[in-house]
Protein chains: 2
Amino acid sequence: MALADEAGLDGLSMRRLATELGVVPMALYKHVANKDELLDGIIDAVVSEIDLAPVDGDWKPAIRGRILAARQTLLRHPWAAGAIEARRAPTPAVLAYMDSIIGLFRAGGFGVDLVHHVIHALGSRVLGFSQELFDDSPTDPDAQEKAAHAMAGTYPWLAEMALRVAHDEKTVVGSGCDDQFEFEFALDLLLDGFERLRQAG
Amino acid sequence: MALADEAGLDGLSMRRLATELGVVPMALYKHVANKDELLDGIIDAVVSEIDLAPVDGDWKPAIRGRILAARQTLLRHPWAAGAIEARRAPTPAVLAYMDSIIGLFRAGGFGVDLVHHVIHALGSRVLGFSQELFDDSPTDPDAQEKAAHAMAGTYPWLAEMALRVAHDEKTVVGSGCDDQFEFEFALDLLLDGFERLRQAG
DNA sequence: CTCGATAGGTGTACGGCGTACACCTCGACC
DNA sequence: GGTCGAGGTGTACGCCGTACACCTATCGAG
């Protein structure tokens with residue numbers, strides 16, 4: 001039912017999805033009340049793919065692993081992050097996922113209040129995506145370098161950073177603006193902070 | 001020009017904005033190429049409101065202050081955060097803001113690479129909004145408590161947390177799910193982490 | 001074997017959107 | 001006075017989500 005999402009990316013829908021299924025648009029409404037419900041459905045389908053198998057051991061690697069697993073799942077469906085952001089009410093699968101994360105924190109000795117703040121601090125990162133302000137799209141480093149030089153006058157610091165990134169990408173592959181690295185960097189920074197708060201009580 | 005945004009919230013646009021201005025829709029296209037450009041315009045107008053006056057002293061309070069100032073500005077225009085999220089290319093005012101933040105970090109003794117990672121770690125928080133997964137809309141605590149009890153079976157940990165929040169809201173006002181508190185909590189956690197990394201070199 | 005209910009597909013239509021294209025109006029300037 | 005360009009107008013196209021009425025195939029009860 002909600003598995004035909006892979007073929008068509010989001011942004012195109014309902015009528016489009018209908019023809020994709022060789023059916024008239026209105027036929028879809030025999031299965032879902034409206035488009036939002038359909039989106040909820042496919043979001044749930046994706047989120048349910050995340051492995052929630054119980055783990056034991058330290059809370060930190062457990063949570064780190066689960067969040068990175070969520071990230072892997074969401075990266076397989078690039079449209080999913082955007083779709084989840086847009087929703088205002090969480091779907092059951094998302095609730096189940098959140099519950100499992102909270103459970104891991106609680107089992108790790110975190111108090112209820114601390115978990116609450118910690119979840120807020122993670123924000124959407126808990127689901128494995130971090131909502132970059134602008135996508136550092138994979139343009140070639142040379143073009144990036146040109147652009148950086150161009151804005152060196154107006155935005156000196158930004159240009160300095162952009163130049164460094166472009167340079168890194170040219171010399172050693174993957175050391176530049178590696179989304180996965182940045183994600184883990186931020187995640188570990190937060191987890192370490194949480195650990196200190198936990199110890200402080 | 002781009003100041004008529006206050007009256008009409010986003011989600012309603014172009015034709016709607018045109019009638020709001022007592023003009024035919026197509027007239028707008030004499031001033032902007034398309035809707036995206038118009039959105040860029042009003043985003044820039046809002047972001048430009050953020051105070052970028054130079055500050056001196058420690059990097060941490062300086063950056064903290066600037067980010068919280070950005071938050072205040074964006075909170076005045078609730079639609080702005082969503083609009084910025086949706087954009088993929090940064091507008092000039094956003095670039096200028098980012099440049100100022102990066103400048104503060106650099107002046108505070110952060111290396112180029114570290115600043116790069118740190119900016120990623122802040123993500124959209126650098127602009128003062130944190131993209132909650134679902135909006136804990138201001139429903140009254142009693143209803144929230146009922147809902148929490150209802151899902152205690154399916155999502156025990158989530159329910160536990162929800163109950164605590166509902167309880168806090170009933171006893172001491174504002175101590176429950178205070179967005180501003182949560183934002184500063186996460187921000188300080190990150191800033192403290194940055195400080196440790198800076199000292200470690 | 002008929003009959004009625006029901007699940008699911010169909011066709012038409014409405015109101016809204018962004019915007020391409022051709023046209024008109026009016027003031028400024030030579 | 002004639003030209004020109006900035007800015008407003010009107011019509012039209014193709015998209016979207018979906019309300020409503022209709023049709024058809026299936027299946028269990030009588």
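Residue numbers begin at 1 in each chain, while the letters A, B, ... track the order of the sequences.
- Whole-Å rounding puts the R15(A) CZ to dG15(C) C1' distance at 12 Å.
- Applying the salt bridge (Lys or Arg N to Asp or Glu O under 4.0 Å) definition to pairs two or more places apart or across chains, those involving residues 102-123 of chain B are E160(A)-R106(B), R164(A)-D113(B).
- Under the side-chain contact (heavy atoms from CB on, under 4.5 Å) criterion, A83(A) pairs with I43(A), W79(A), sequence neighbours left out.
- Judged by closest nucleotide on DNA chain C, V24(A) is the one of P25(B) and V24(A) placed further toward the 5' end.
- Listed by chain and residue number, I50(A), R66(A), Y97(A), S100(A) satisfy the side-chain contact (heavy atoms from CB on, under 4.5 Å) test with L52(A) (two or more places apart in sequence, or in another chain).
- In this structure, L21(A) places its CG atom 14 Å from P of dG8(C), rounding to the nearest Å.
- In terms of the ring pair (Phe, Tyr, Trp, His ring centres under 6.0 Å) criterion, residue partners of W59(B) (sequence neighbours excluded) are, by chain and number, F105(B), F110(B).
- Between F181(B) and H120(A), the distance separating the two ring centers is not shorter than 6.0 angstrom.
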Ignoring hydrogens and angles, write down the donor-acceptor pairs under 3.5 Å from the side chains of residues 22-40 of chain A, residues two or more places apart or on other chains.
| residue | atom | partner | partner atom | Å |
| --- | --- | --- | --- | --- |
| N34(A) | OD1 | D36(A) | N | 3.3 |
| N34(A) | OD1 | E37(A) | N | 3.0 |
| D36(A) | OD2 | R88(A) | NH2 | 3.3 |
| E37(A) | OE2 | A33(A) | N | 3.4 |

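- For the pair L28(A) CG and dG9(C) P, the interatomic distance rounds to 9 Å; values are reported in whole Å.
- Nucleic acid contact for M26(B): base, since at least one base atom lies under 4.0 Å from a heavy atom of the residue.
- In this structure, L17(B) atom CG and dC17(C) atom P are separated by 11 Å, rounded to whole Å.
- A donor and an acceptor atom sit less than 3.5 Å apart, one in the side chain of K30(A) and one in the base of dG9(C).
- Extent of DNA chain D lying under 4.0 Å from chain B heavy atoms, first and last nucleotide in 5' to 3' order, is dG7(D) to dA12(D).
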